[in-house]
Amino acid sequence: MSYPIEIIRHSLAHVMAAAIKKLYGDVKFAGGPAIENGFYYDFDTEHKFTPEDFAKIEKEMRDLIKSNGRFEQKNVSLDEAKKIFADQPYKMEWLNEYDAAGEALSIYNFRDFTDLCRGPHVESSKDLPRDSFKIRTVAGAYWKGDSRNKMLQRVYVDAFATAKELEEFEKMQEEAASRDNRKLGRDMDLFHFEPEYAPGAVFWHDKGYKIYRRLIDYVRMRQERAGYLEISTPSVMDKSLWETSGHWAKYGEHNYSGKTQDGKVFCVKPMSCPGGMLVFGQGIKSYKDLPLYLAEFGKVNRYEAAGGLSGLMRVREFTQDDAHIFCTEDQLEAEVVKVLRFIKDIYSKFGFDKISMKLATRKESEFRIGSDEIWDKAEGALKSALEKNGIEFEIAEGDAAFYGPKIDNYLKDSMGRVWQCGTVQLDMNLPERFDLSYIGEDGEKHRPIMLHRAMLGSIERFMGILLESTGGNLPLWLSPEPVVVTPISEKFKEYAKEVIEQLRDAGVYVGSDLRDEKVNYKIRELSLSKTPIIAVVGEKEMADKTVTLRHLGSEKQETIKLDLFIDQMKQAIKMPE
RNA sequence: GCCGGUUUAGCUCAGCUGGUAGAGCAUCUGAUUUGUAAUCAGAGGGUCGUUGGUUCAAGUCCGACAACCGGCACCA
C-alpha cells in the first residue's frame, strides 16, 4: 500500500532511531519529524556522529526495513508512559507537557525502538523504500530550539518515495549550488570578501557595484515618485542616542562602538531609525504634514555572530532601503495598504511574483510596549491591510518586536533557504522615546504613529537572492555590462572600438574583449561570465556598419545595423516604470 | 556564540602510514589573425590559514586561535 511521503519520512525517522539504538546503545532520543525533502532526528549520546558512520547507519536501516517490522500504536496512561520512558529524559519532558495540555499519550513500537508519537505511520517497514534515502549531514541543534539548553546531534536525511526522485533531488541540489551567490560573485567579478580583515563585509567590484547602484537608483526613483523624502543621517553617533532609542540595552554586544580621545563612547549605527526620529523632531510638525515619508539608504553595521554569516545573505555591514512613515492613527491602515502594494509592485519588477508574507503578532508572555487596545488595533490594521491587497500570509504568533507587530516578507535562495527581505513594522516605542509630536486639528500635541519599512531590505541580501534566482542571468536594465563587443581578429579592432564608443556615448554600459583570441574562445569565456549580449564584429560588419549579436543562453546569431542596435539597447536598459 | 566539517598556486583540487610540494584552468612570453562555447609551445607563480608544541625532520601528528562551509541559536 502506498502512503503519503510525509508518513514515509516520519516512519523512516523511527527506523533510523531504531538503527542508531541498535548500533550505539545508550542514546537519549529527542524527536524526529518529517521535513521538506526528508526528515531528521535529534539524539543525545556520547558517540559523536561523523560522516564515516553514515553508511553503517544506512545499512542498518535497510536491514531493519527488510525485516518487515511492524509499527504498532498503543495509547498509554501517564503512569505507563513514565515507566516506559524512565531512562529517556527528553521523552519524559514531552509526555509531561502533552499530559498537562490534556492530550492522550500515544506510543509507537518499531522493533526494539519505542517512541512517544502521535503517528501516523506505515503499517509495516515493508511499506518503506530501501534505496531512496541518504543521510546528508549531522549538525548541532539545541533541545527545544533554545540556546540555553543542551545541544543535541541532529542527523539530517534526504528521503523520497523512489530512488529516481532522490537522484533528481541530488541533481537539483548540485545545480542550485552552482548558482550560489558567492560563486557567481567570483565568476562574474562582482565582489569579494576579505575574511582576514573584514569578515562579513563586502568589497564591491565595479560590476557588482553597478548592480548595487542600479537597485538603489530604482528604489529611489520609485520612492520619489511616491512622495518620499530622502534624508541621510550620520554613521557614527554618541552612545547616549542608542540609550535613548533602547538599542544599547537590547543589542549592546552587537554594536560596534569605540572610545574617542576625549573619552566619549560613539557607536557605528546599526540602524537608521534614531537618525530619522531626530529629523522628524526638527521644527514643529502639523497634522497637515502627515503622512510624512522619510527614506534613507542607510549603511548599517551590526556585529553579527560569526556562525551566522553567509555570503551576501548575512553580512555585518549592509545598506537598507529604509523609510519611516509618520502618520496619524486614522491613517495607519491606509498607509500599510499603500506600502504593501508598493512592495508587491517593486518585487514584480524583479520577477518575484509570489511573495510570502508573515504577520508577526505579539507574544503574550513577554514585555511589550503599549496597551492591549493599541496592539489589537495595530495587529488588526496590518492584517486587514494584507487582506485588502489580496496577499496570502501566515501568522507568526509571538514573533512581533517588543515595540509592535510587523509584516515580514521572505524570499528563498537557490537552496530553498528562506531569508527575510522586505518588512513593515509598527513602532510604538521610538516616537515615545524621542518624544515626537505633531499639532492636531484641535491645536493640541499628538504622538504620531510610526511605521518602519524596507522593501528590498538589505541591498546585499536582495542582490544575493536576485543572483541566485536568475543564475546570474540578470535583466538588461540591471546588468553591469549588458553588451560586450569583440572583434573577429586584430584587423577589426578599430571598428570594435568605434562600436564601443558609440554605445558608451548613448549611455549603454559596454564591455570590450579585444584580445587576439579565437572567437570560439572568447564566446566561451564571455558566456561563462554571463555576458547577456555578445556583439561580434568582423569584415562584413565593418563594411555594412552592423554588429552580429549572440544572446546568452541561445546559439542564434543576428546581424543588425549598428544604429538600430544602439536604439534597441537604449530602450532595453531603461529601468522599469 | 554552539555542534560538525574544511583551510595546499588567482580558481578547482591531488599529496598513502612524517623525509622539506603537484595537476588542470587562469597569468606571462612567443607563434598563430582567428566567423560564434577551450589554437599551439614555453615560462613564472605557493611563508601549505595563523601560532605554539612533539620529532633529527611537520603540508602530513598534537594544542590554541581565526576564517570559511552546513546546521542550530540570534537577526533592531
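Just so we're on the same page: letters track the sequence lines, and every chain starts at 1. Predicted, not measured: the structure shown is a model, and the values here were computed from it.
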| said: Over all strands shown, is A/Ser147 touching base, sugar-phosphate only, or nothing at heavy-atom distances under 4.0 angstrom? | reply: sugar-phosphate
| query | Touch check for A/Glu196, heavy atoms < 4.0 angstrom, all strands: base, sugar-phosphate only, or nothing? | reply | nothing
| note | Closest of B/A37, B/C75, B/C2 to the A/Arg550 side chain is B/A37
| request: Look at all strands and tell whether A/Gly145 reaches a base, only sugar-phosphate, or nothing, counting heavy atoms closer than 4.0 Å. | output: sugar-phosphate
| Now, which nucleotide makes the Watson-Crick or G-U wobble pair with B/C68, with each of the two distances under 3.5 Å? | B/G5
| For A/Arg417 and B/G71, is the shortest distance between a side-chain N/O and OP1 or OP2 below 4.0 Å? | yes
| request: Indicate, with a heavy-atom threshold strictly under 4.0 Å, whether A/Tyr521 touches base, sugar-phosphate, or nothing. | output: sugar-phosphate
| Basic-acidic side-chain contact under 4.0 Å: A/Asp187, A/Lys183 | yes
| note | Atom CE of A/Met415 and atom C1' of B/G71 are separated, to the nearest Å, by 12 Å
| said: What is the separation between atom CG on A/Asn255 and atom P on B/C74, rounded to the nearest whole Å? | reply: 19 Å
| query | Which part of the nucleic acid, if any, lies within contact of A/Thr548, taking any heavy atom under 4.0 Å across all strands shown: a base, the sugar-phosphate backbone alone, or nothing? | reply | base
| Does the A/Thr486 side chain pair with the main chain of A/Asp513, one donor and one acceptor, at a distance under 3.5 Å? | yes
| request: Scan A/Leu526 against the nucleic acid and name what it touches under 4.0 Å (heavy atoms): base, sugar-phosphate only, or nothing. | output: nothing
| B/G71 base to A/Gln153 side chain: any donor-acceptor pair below 3.5 Å? | no
| query | Of the candidate nucleotides B/U34, B/C72, B/C75, which contains the atom at the shortest distance from the side chain of A/Val519? | reply | B/U34
| message | Considering every strand and a 4.0 Å limit on heavy-atom distances, what is the contact class for A/Lys250: base, sugar-phosphate, or nothing? | response | nothing
| query | In whole angstrom, what separates A/Asp180's CG from B/G70's C1'? | reply | 12 Å
| query | Of the nucleotides B/C75, B/A38, B/G71, which one has an atom closest to the side chain of A/Met151? | reply | B/G71
| Does any N or O donor sit under 3.5 Å from an N or O acceptor when you compare the side chain of A/Tyr142 with the base of B/G1? | yes
| message | Under a 3.5 Å cut-off for both contacts, is B/G63 paired Watson-Crick or G-U wobble with anything, and if yes, with which nucleotide? | response | B/U51
| said: Within the 4.0 Å heavy-atom criterion, would you say A/Ala305 contacts the bases, only the backbone, or no part of the nucleic acid? | reply: base
| request: Could you point out which residue of A/Lys493, A/Lys491, A/Lys522 forms a salt bridge (charged side-chain N to carboxylate O under 4.0 Å, His left out) with A/Asp516? | output: A/Lys493
| task | Mind checking A/Glu539 for me? I need base, sugar-phosphate or nothing, with any heavy atom below 4.0 Å counting as a touch. | result | base
| query | Under 4.0 angstrom, heavy atoms only, what part of the nucleic acid is A/Pro270 near: base, sugar-phosphate, or nothing? | reply | base
| query | Rounded to whole angstrom units, what separation is found between the CZ atom of A/Arg316 and the P atom of B/C74? | reply | 18 Å
| request: For the pair A/Lys561 (side chain) and A/Asp544 (backbone), establish whether a donor and an acceptor sit closer than 3.5 Å, ignoring hydrogens and angles. | output: yes
| remark: For B/G42, the nucleotide meeting Watson-Crick or G-U wobble distances (both under 3.5 Å) is B/C28
| said: Does a side-chain N or O of A/Asn520 approach OP1 or OP2 of B/U36 to a distance below 4.0 Å, or not? | reply: no
| Contact class for A/His254 vs. all strands (heavy atom < 4.0 Å): base, sugar-phosphate, or nothing? | base
| query | In terms of heavy-atom contacts, does CD of A/Glu397 have more than 12 from other residues, nucleotides or ligands at under 6.0 Å? | reply | no
| How many Å lie between CD on A/Gln173 and C1' on B/G71, as a whole number? | 14 Å
| Is the backbone N or O of A/Lys207 less than 3.5 Å from a side-chain atom of A/Glu481, with the two atoms forming a donor-acceptor pair by type? | no
| Does A/Asp44 pair with A/Lys150 as a salt bridge, N-O distance under 4.0 Å? | yes
| task | Could you tell me the separation between the NE2 atom of A/His551 and the C1' atom of B/U36, rounded to a whole number of Å? | result | 13 Å
| Any A/Arg302 side-chain heavy atom under 4.5 Å of A/Asn255 side chain | no
| field | Closest to side chain of A/Pro199, choosing from B/G35, B/A38, B/C68 | value | B/C68
| Contact class for A/Phe49 (heavy atom, under 4.0 Å): base, sugar-phosphate, or nothing? | nothing
| message | Of the listed nucleotides (B/G35, B/C75, B/U34), which one gets closest to any side-chain atom of A/Lys540? | response | B/G35
| request: Round to a whole Å and report the spacing from CD of A/Glu194 to C1' of B/A66. | output: 15 Å
| Does the base of B/C74 carry an N or O that pairs as donor and acceptor with the side chain of A/Arg314 under 3.5 Å? | yes
| task | Would you indicate what A/Tyr403 reaches in the nucleic acid, counting non-hydrogen atoms under 4.0 angstrom: base, sugar-phosphate, or nothing? | result | sugar-phosphate
| field | Between C1' of B/G5 and CZ of A/Phe54, the distance in whole Å | value | 10 Å
